[in-house]
2 protein chains.
Amino acid sequence: METVMRIGELGAAAGVDIETIRYYEKTGLLPDPARSTNGYRAYGPAHLERLAFIRHCRALDIPLADVKRLLEFVACPENDCGDIDRLIDAQLARVRARLKSMQALERQLASLRGRCGVAHVAGDCGILHELVAAARGEACACHIEGLPGSKKAEMSTRPSVRRSGA
Amino acid sequence: METVMRIGELGAAAGVDIETIRYYEKTGLLPDPARSTNGYRAYGPAHLERLAFIRHCRALDIPLADVKRLLEFVACPENDCGDIDRLIDAQLARVRARLKSMQALERQLASLRGRCGVAHVAGDCGILHELVAAARGEACACHIEGLPGSKKAEMSTRPSVRRSGA
DNA sequence: GCTTGACTCTGGAGTGACTACGGGGTGTGA
DNA sequence: TCACACCCCGTAGTCACTCCAGAGTCAAGC
Ligand SMILES: [Zn+2]
Ligand SMILES: [Zn+2]
Ligand SMILES: [Zn+2]
Ligand SMILES: [Zn+2]
């Protein structure tokens with residue numbers, strides 16, 4: 001059985017949009033595939049595996065630059081693995097920082113949502129009132145003026161990993 | 001007391017980068033301020049309040065388009081507040097979805113990090129092995145092929161709200 | 001008077017990871 | 001022959017900033 005795929009088949013097999021595959025190729029994450037006589041990309045199982053690896057790393061929110069480095073480790077297994085550890089550590093730290101601020105966010109939004117009673121005019125909406133009041137500096141940490149060490153956790157990029165169709 | 005600020009003062013007062021302020025102006029979130037004779041922007045306290053409102057909403061990860069809508073409600077308090085509720089509900093749903101996938105991410109990454117033992121060659125690194133194995137489809141939900149309802153929670157944009165210097 | 005430095009102005013480009021589009025070529029079943 | 005699905009390429013758009021170059025403005029110091 002010859003497992004030669006065109007881009008659409010590869011995309012369907014991996015659950016990845018074709019445009020994304022071409023993007024990975026353009027940015028050097030996927031090697032340039034062979035071409036059929038008509039110019040269509042011709043992929044083999046190795047491409048599928050590599051693409052799945054990339055998508056799995058992306059599902060872990062690992063940035064493409066780091067995925068590239070991981071792929072180099074896969075290609076060169078004789079390299080030192082300390083860098084892999086550090087990479088995953090950094091990723092974990094990023095995710096934990098985001099997680100923490102997400103939790104704070106969730107709490108704030110949940111309490112905010114509870115502020116809207118029966119009022120139906122925006123001028124009487126508790127949500128809007130709360131937002132305006134908070135912006136004035138009451139009970140909010142997002143815009144304290146003279147605070148020295150008031151850095152928020154950085155948020156980095158979004159993973160998203162959405163698949164188009166089954 | 002005349003509280004007329006130049007852009008740098010406004011930025012310092014609100015803890016916002018000047019570039020960000022100009023960006024908000026360009027995109028219509030902040031109204032075009034008056035200009036001094038030398039062409040410098042001249043802001044008043046209303047601008048500061050509006051900017052703080054925007055930053056507070058951004059700290060809640062509310063996208064700028066929605067912030068714009070909220071500002072319209074502030075300007076027109078006679079409008080129906082149902083839209084505010086729905087907006088906050090949607091935001092809360094987004095945040096909760098992200099939170100959930102962040103938690104899953106944290107678990108996956110934490111277990112992944114534990115995979116690296118004493119090995120110092122990438123070829124023997126448990127992390128890399130696990131990543132490759134997971135990409136092949138073992139024990140991972142990120143790239144199941146025939147699953148019908150396998151949509152991942154969408155991740156939307158990042159807030160970041162970082163302040164430059166106190 | 002001249003220089004230095006801090007501040008401001010403008011328009012434009014870059015970031016990450018896609019996503020969408022326009023204008024065309026290819027291949028197959030009716 | 002025609003419709004339609006698939007493929008090609010290059011470019012531009014998304015979001016919320018962030019950075020830059022090149023120029024103008026202003027007060028203080030010498
Ligand atoms: Zn996976
Ligand atoms: Zn309400
Ligand atoms: Zn706030
Ligand atoms: Zn290791």
Side-chain angles (χ1 to χ4, degrees), chain A residues 4-30 32-43 51 54-55 57-68 91 94 98 152 154-165, chain B residues 4-12 14-30 32-43 51 54-68 91 94 98 152 154-165:
Chain A
V4 174
M5 292 170 277
R6 291 187 301 177
I7 196 167
E9 294 168 297
L10 179 65
V16 179
D17 194 297
I18 332 178
E19 305 276 15
T20 304
I21 297 173
R22 283 202 278 253
Y23 171 73
Y24 287 162
E25 181 184 322
K26 195 167 51 183
T27 51
L29 266 120
L30 276 178
D32 291 16
R35 298 289 183 137
S36 311
T37 45
N38 54 12
Y40 290 9
R41 288 169 179 80
Y43 295 101
L51 181 56
I54 296 170
R55 288 316 276 180
C57 291
R58 289 295 301 130
L60 294 172
D61 205 8
I62 296 169
L64 287 182
D66 286 354
V67 176
K68 216 167 197 168
Q91 179 61 18
R94 265 200 302 275
R98 268 212 278 177
K152 287 268 172 181
E154 76 160 276
M155 291 290 172
S156 133
T157 55
R158 62 190 164 132
S160 88
V161 182
R162 71 202 108 204
R163 58 194 72 253
S164 36
Chain B
V4 174
M5 293 170 275
R6 290 187 300 177
I7 196 167
E9 295 168 295
L10 178 66
V16 179
D17 194 295
I18 0 177
E19 304 278 14
T20 303
I21 297 173
R22 284 202 277 253
Y23 170 72
Y24 287 162
E25 180 184 324
K26 196 166 51 183
T27 52
L29 265 119
L30 276 178
D32 291 16
R35 297 289 183 140
S36 310
T37 46
N38 55 12
Y40 290 8
R41 289 168 179 82
Y43 295 101
L51 182 55
I54 297 170
R55 289 316 278 178
H56 183 71
C57 290
R58 289 296 299 130
L60 293 172
D61 205 8
I62 296 170
L64 287 182
D66 286 354
V67 177
K68 217 167 198 167
Q91 179 61 18
R94 265 200 302 274
R98 268 212 277 176
K152 286 270 172 180
E154 77 161 273
M155 291 292 171
S156 137
T157 55
R158 60 184 166 141
S160 87
V161 182
R162 71 201 109 204
R163 58 196 70 255
S164 35

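Below, all heavy atoms of this structure are taken into account, side chains as well, without hydrogens, waters or symmetry copies. Letters A, B, ... mirror the listed sequences (proteins, then strands); counts begin at 1.
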Problem set entry | Separation of atom CG in A:Leu51 from atom P in C:dA17, rounded to whole Å | 15 Å
For this session: Ignoring backbone atoms, test whether A:Tyr24 places a side-chain nitrogen or oxygen under 4.0 Å from the OP1 or OP2 oxygen of C:dC18.
Result: yes
For this session: Grab the two heavy atoms, one from B:Arg6 and one from B:Glu9, that are nearest each other, plus how far apart they are.
Result: N-OE1, 2.7 Å
For this session: Mind listing the closest non-hydrogen atom pair of A:Pro33 and A:Ala42 along with its distance?
Result: CB-O, 3.7 Å
Problem set entry | Five-pair end axes of the helix from C:dG1-D:dC30 to C:dA30-D:dT1 and the angle they enclose, rounded to 10° | 30°
Problem set entry | A:Arg94 versus A:Asp66, closest heavy-atom pair with distance | NH2-OD2, 3.7 Å
For this session: Could you tell me whether the phosphate oxygens of D:dC17, OP1 or OP2, come under 4.0 Å of any side-chain nitrogen or oxygen in B:Arg58?
Result: yes
Exercise. Counting just side-chain N and O atoms, does A:Thr20 come under 4.0 Å of either OP1 or OP2 of C:dT19?
Worked result: yes
Exercise. Between C:dA17 atom P and A:Ile62 atom CD1, what is the distance in whole Å?
Worked result: 11 Å
For this session: Would you kindly give the CD-to-P distance between B:Glu19 and C:dT8, to the nearest whole Å?
Result: 11 Å
For this session: I would like to know whether A:Ile54 and A:Leu64 meet side-chain contact (heavy atoms from CB on, under 4.5 Å); could you show each step before the answer?
Result: CA-CA 8 Å; A:Ile54 296 170; A:Leu64 287 182; 4.3 Å; yes
Show every donor-acceptor pair shorter than 3.5 Å between a side-chain atom in residues 18-30 of chain B and any protein atom, with sequence neighbours excluded, or say none if there are none.
from    : atom 1 : to      : atom 2 : distance (Å)
B:Tyr24 : OH     : B:Arg55 : NH1    : 2.5
B:Glu25 : OE1    : B:Arg41 : NE     : 2.7
B:Thr27 : OG1    : B:Tyr23 : O      : 2.8
B:Thr27 : OG1    : B:Tyr24 : O      : 3.3

For this session: Rounded off to whole Å, could you give me the CD1-to-P distance for the B:Ile21 and C:dC7 pair?
Result: 14 Å
Problem set entry | Nearest-nucleotide pick for B:Pro63, side chain only, options being D:dA16, C:dC18, C:dT8 | D:dA16
For this session: Measure from OH on B:Tyr23 to C1' on C:dG12 and round the result to the nearest Å.
Result: 15 Å
Seminar exercise, completed: Taking for A:Ile18 and for B:Ala65 the nucleotide of DNA chain D with the nearest heavy atom, the one nearer the 5' end belongs to A:Ile18
For nucleotides 24-28 of chain D, give me every protein contact, N/O to N/O, under 3.5 Å, one pair per line with atom names.
from   : atom 1 : to      : atom 2 : distance (Å)
D:dG24 : N2     : B:Tyr40 : OH     : 2.8
D:dT25 : O4'    : B:Tyr40 : OH     : 3.3
D:dC26 : OP1    : B:Asn38 : ND2    : 3.1

For this session: Output yes when at least one side-chain N/O atom of A:Arg22 is less than 4.0 Å from OP1 or OP2 of D:dC8, else no.
Result: yes
Seminar exercise, completed: Testing C:dT8, D:dC17, C:dA17 for proximity to the side chain of B:Leu64, the answer is D:dC17
For this session: Just call it for B:Lys26: base, sugar-phosphate, or nothing, with non-hydrogen atoms closer than 4.0 Å on any strand.
Result: nothing
Problem set entry | Gap between atoms CD and C1', on B:Glu25 and D:dT18 respectively (whole Å) | 17 Å
Problem set entry | Atom-to-atom span, CG of A:Asp32 to P of D:dC8 - whole angstrom | 12 Å
For this session: Respond yes when some side-chain nitrogen or oxygen of B:Arg41 is under 4.0 Å from OP1 or OP2 of C:dT8, and no when none is.
Result: no
Exercise. Distance check: side-chain N/O of A:Arg35 vs OP1/OP2 of C:dT26, anything under 4.0 Å?
Worked result: no
